[in-house]
Structures are given as structure tokens and as C-alpha cells.
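So the structure is just underneath, and the comments pick up after that.
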Amino acid sequence: MEDAKDLSRDHAQHNVAHKEPVGFFDPRIRAVKRRVCYQWARTVLLLCLVILSVMSLFWASQFCVSQKMGNLTVWVVDFDAHLDGKENPIVGPAIVKVASMAISTPQSLTYKVRSPAEFDYDPRALKQAIYDEHAYAAVIVSPNATGLLLNAIRTGDSFYNPSGAAELVTISAREQTTYSSYIQPALNDFEREVIAYFGPRWVERLASQNNTLTQLLRTHAPQAVNPAIGFKRIDLRPFSPAVAVPAVTVGLIYLIILAFFIFPFLMPVHMQLLKGDHPPLKTEQWVLWRILSNIAAYFFLSLCYSLVSLAFQIPFTNDPAPGTESAQNPNAYGRGSFVVFWMLNWVGMAALGFPCENMAMVLGAPYSSIFLIFWVISNVATGFYALDLAPSFFQWGYAWPLHRIVEALRTFLFGTYSRIGLDFGILFTWIGVSIAFYPLANYIMQWKQRRGV
């Protein structure tokens, strides 16, 4: 009987193997064509829905930028005449007047005039506030700016520098795209408006003092006549060098992808503990092994990822610098910054990778790839751009892993304002929640395997 069954099975396999290929419209494959077309349509529809829903997150994060420009605040503080009260100030009031005339619309920066008393009449305290990210920029009218200008006219001071009248203080390493695209161009316009407003009034004042233009231009300080005042640019934390761009932007996308592919690469290795000519490992110990081995894998992968930045000479050994002074790449932890950079990438990779592995177990192939698309887009949309310019819907982005990684990286590489405790705290929360869900995700995977789903 068994020989007959074997013979019949071999005969059937022989017939299948020797079936002649047929054309697409052959009626004998009508049923399979119907099934294939249905599955094709279902898959394409699913991918279309993914494009319309998940990919829309990125476009949506940039959709209201022009309407949200008002969230970018610039403080204007007039310290003029607070060191020398003999002269009636004219420089400070002119700059404040232009700031007050600036139409506060959602499509423009918001200029807020603040009292110097709020900063104890100390420009350094205002710079510290900008460094602490209370505002995006500041216009500082220098103490005694009017007195210095008038003294240059009276004495012909050839050393008078018009740009000493005021300062434009920024911190571009906070978010380089926002500063280069929106804030710096707006401040350039503001400077031109101030000079256009002040120039005619200054010439009128000089003329009222019976000075001829020829006399004024023959002095040793013609720059005190024109342009008379200007702005000194101070970037507390410039965004440089250019090779640092991948470390805080596109390179982190690769970090997500690397974390995602841990699962398909290592799962065949892990399965050897369950299958073979040996007793299978207990499920709970198998799960524990996978968690610990993943953490170890992230440790070495993040080291290699970090070494790429080190190899291309991103600074990691500069000393820290005060927040009130402009500094090029001051590293928050001095010579230990690379180790902290590596540890952040390690923790960040785990925070990005464990959710990927959980969803890979729950969804299975190929649907886990859809989660990867969502995970990359949602993290990029909230991590690489200022959330102040995004719709209010994206406030959840402050808790997303990549946003915290980028913020901490800026602290290490550029010495920006530190929220390192919060950054690491949120990343560890992601890891803790993911590990707590891990056994359930593993159970779902094994349940689907037993059912052949």
C-alpha cells in the first residue's frame, strides 16, 4: 500500500514537472489569474494607502511653515544711554521704532521689545537667554550707542565703528535650516529697514546743527555720517563644519535602517537554538537571549557608526565654552565627548531598533516594511526640522526618538543648550516599553507560525 502511494505521488510530481507552459489567456489558469489579480490589487491598494497616510506626515510637517513663522521670536532690547545719561538717545529709539512698526503676522518673525531691566541692564544676560533658547534671536542696542556716535562727530574719532551700535545675536547650530532659510534673511531685511529709517533722520539732525555735508565728510570719521550705525553679527554657536551635517541629519536615517535590519539578519542565527538535533532552549530564555544579544549588537554597530564621524574629523576634543560667547564647535564634554556621542548612538539605536523588531514579529514580512516607512518618515518629520514651524498636531514629535537624538547631538557637537537628561530619559523610556512588549510580540510571532499565517 505504501509503495503504491509513493508511486502515485512520484507520478503526480512527474506530471507537474513536465507540464507545458501556457499563454496568459489560457482558460486552464483562469482561477489562478483571478487570485493573482486580486492579490495584486489588494497589495497596490495597501501601498497607495500607505503613501497617502504615512508619507503625508512629512509633507504635513512642512505645510504650515509660512503660517507658523510668527513662532520664531526675536527680542529687541535697547541698552542705549544706560551708561551715559547725558545724551538723549536716538539710536536705540530708532531701532525699537522699526521693530514696533514691523507688522506682526504669522508670515513674519515676531519682534518683541523687552526692557533692559529684565536683564539687569547686562547684554550678557540677554545673550545667555538666547543660548538657553528662550528666543530664536536678539537685537541688542549697545549701551551708550548714541553717545559714541555723537562723540565721533564732535571729535572726528577715526576709530569709530558703526557696527558697534547694535548686535544681531543668533545660535544657528540650534537648527541650521530654520536659521539659514528664515531667520537670517529676515534679520537682513530688518537691518536694511533700520538703516533706511535712521539715515534721513540722522542727516536732518546734523543739518540742524549748522554742519554742512562737506564739513562732515572732511572729518576723520566720515563713517559716523554714513552709514552712522550698523549691526555686528554674533552667532553664539555656528553650525560647522559641513561634514557634521550627516551626523545630525541624513546619517541618522541609516541608523534607523541598520536597527531595522538586525531582525532579518539575526533571526536565522537565533532559530538555531530552537531547531536542530538538540533540545530546544526554553522560550523565556530564548527571548532573554535575543534581547541581550540585540543590545550587544547595537553596542558594536553604534561604535562603527560613531567612528565614521570621528574618521572624517568632526571635532570631539574641543573645550566647552560659555553660552554668552561665540564659539566654534565647543564640545559639551571636552575630550570625553566622543564616548558620550557613542553612548547616545548606542541608546538611540536601541530606542529605534526594538520597536522595529517588535513590529517585525507582530506584522511579519512583508508588512513590517510598511512600519519601517512609517518609522523613518515620522522620525524625520519631527527630528530634522523645527517643530515650532510645524502644525500643532506634531507636538508628539518632542517624544519621538530621533528628535531627542538630534537635540543631544547638537549639544555634543556644537555646545548648544543642554537637555541631555530629558533626551536620554525619553530614549530609555522607549527601550523600556519596547522590552516590556517584546515577550508578547514574540508570542504573536510563534502563534502565527503555528497557524501557518
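- N331 places a side-chain N or O within donor-acceptor distance of the main-chain N or O of N318, the cut-off being under 3.5 Å.
- Here the side chain of R237 pairs a donor or acceptor atom with the backbone of G415 at under 3.5 angstrom.
- Looking at R114 and V76, their side chains never come closer than 4.5 Å, going by heavy atoms from C-beta outward.
- Distance check: Q62 CD to L57 CG gives 12.0 Å after rounding to the nearest 0.5 Å.
- Using a distance-only test at 3.5 Å, with no hydrogens or angles considered, a donor-acceptor pair links the side chain of S418 to the main chain of I420.
- Between the side chain of W346 and the backbone N or O of I295, at least one donor-acceptor pair lies under 3.5 Å.
- Contact check on K97 versus E193 returns no salt bridge, with no Lys/Arg side-chain nitrogen under 4.0 Å from an Asp/Glu carboxylate oxygen.
- Ring centers of F299 and W342: under 6.0 Å apart, within the cut-off.
- Using cut-offs of 30° and 60° for the angle between ring planes, the F231 and F190 rings count as perpendicular.
- A donor-acceptor distance shorter than 3.5 angstrom exists from the side chain of W375 to the backbone of L352, with no hydrogens or angles considered.
- Residues N329 and P241 are in side-chain contact: their nearest non-hydrogen atoms beyond the backbone lie under 4.5 Å apart.
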Original post:
Taking it one step at a time, do K127 and E325 satisfy salt bridge (Lys or Arg N to Asp or Glu O under 4.0 Å)?
Top reply: CA-CA 8 Å; K127 293 177 182 178; E325 297 178 6; over 6 Å; no

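- Ring planes of F424 and F412: tilted class, angle from 30 to 60°.
- In this structure, N161 contributes its side chain and S163 its backbone to a donor-acceptor pair below 3.5 Å.
- With sequence neighbours excluded, the residues forming a ring pair (Phe, Tyr, Trp, His ring centres under 6.0 Å) with F316 are F338, F341, listed by chain and number.
- A cation-pi contact, defined as under 6.0 Å to the ring centre and within 45° of the axis, is absent between R34 and Y38.
- Not counting sequence neighbours, the partners of A228 by the side-chain contact (heavy atoms from CB on, under 4.5 Å) test are L149, F198, W202.
- Annotation: side-chain hydrogen bond (donor to acceptor under 3.5 Å, both in side chains) contacts of S368 (sequence neighbours excluded): none.
- Counting only distance, with no hydrogens or angles, the side chain of K232 and the backbone of L168 share no donor-acceptor pair below 3.5 Å.
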Apply the test ring-ring contact (aromatic ring centres under 6.0 Å, His included) to residues F354 and Y298: give CA-CA distance (whole Å), side-chain angles for both, the deciding distance (0.1 Å), then the verdict.
CA-CA 10 Å; F354 274 116; Y298 296 144; 5.6 Å; yes

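- For the 3.5 Å distance criterion, the side chains of S326 and D235 fail to qualify, holding no donor opposite an acceptor.
- Taking the six-membered ring for Trp and the full ring otherwise, Y121 and F79 have centroids separated by 6.0 Å or more.
- Rounding to the nearest 0.5 Å places CG of L236 at 7.0 Å from OG1 of T170.
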Please set out all donor-acceptor pairs under 3.5 angstrom arising from side-chain atoms of residues 44-53, sequence neighbours excluded.
{"from": "S53", "atom 1": "OG", "to": "L49", "atom 2": "O", "distance (Å)": "2.6"}

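- One finds no salt bridge joining E167 and R233 here, because no Lys/Arg side-chain nitrogen approaches an Asp/Glu carboxylate oxygen to under 4.0 Å.
- Legend: side chain to side chain donor-acceptor pair (under 3.5 Å) pairs involving residues 385-399, not counting sequence neighbours, sorted by first then second residue: Y136-D388.
- Although no hydrogens or angles enter the test, the distance criterion places no donor-acceptor pair under 3.5 Å between the side chain of T324 and the main chain of R124.
- No donor-acceptor distance shorter than 3.5 angstrom exists from the side chain of S337 to the backbone of T317, with no hydrogens or angles considered.
- Here side chain to side chain donor-acceptor pair (under 3.5 Å) pairs that include residues 422-444, with residues two or more places apart or in two chains, are R290-Y438, R290-N442, E357-Y438, R404-D423.
- A donor-acceptor pair under 3.5 Å is formed between the side chain of N379 and the backbone N or O of L402.
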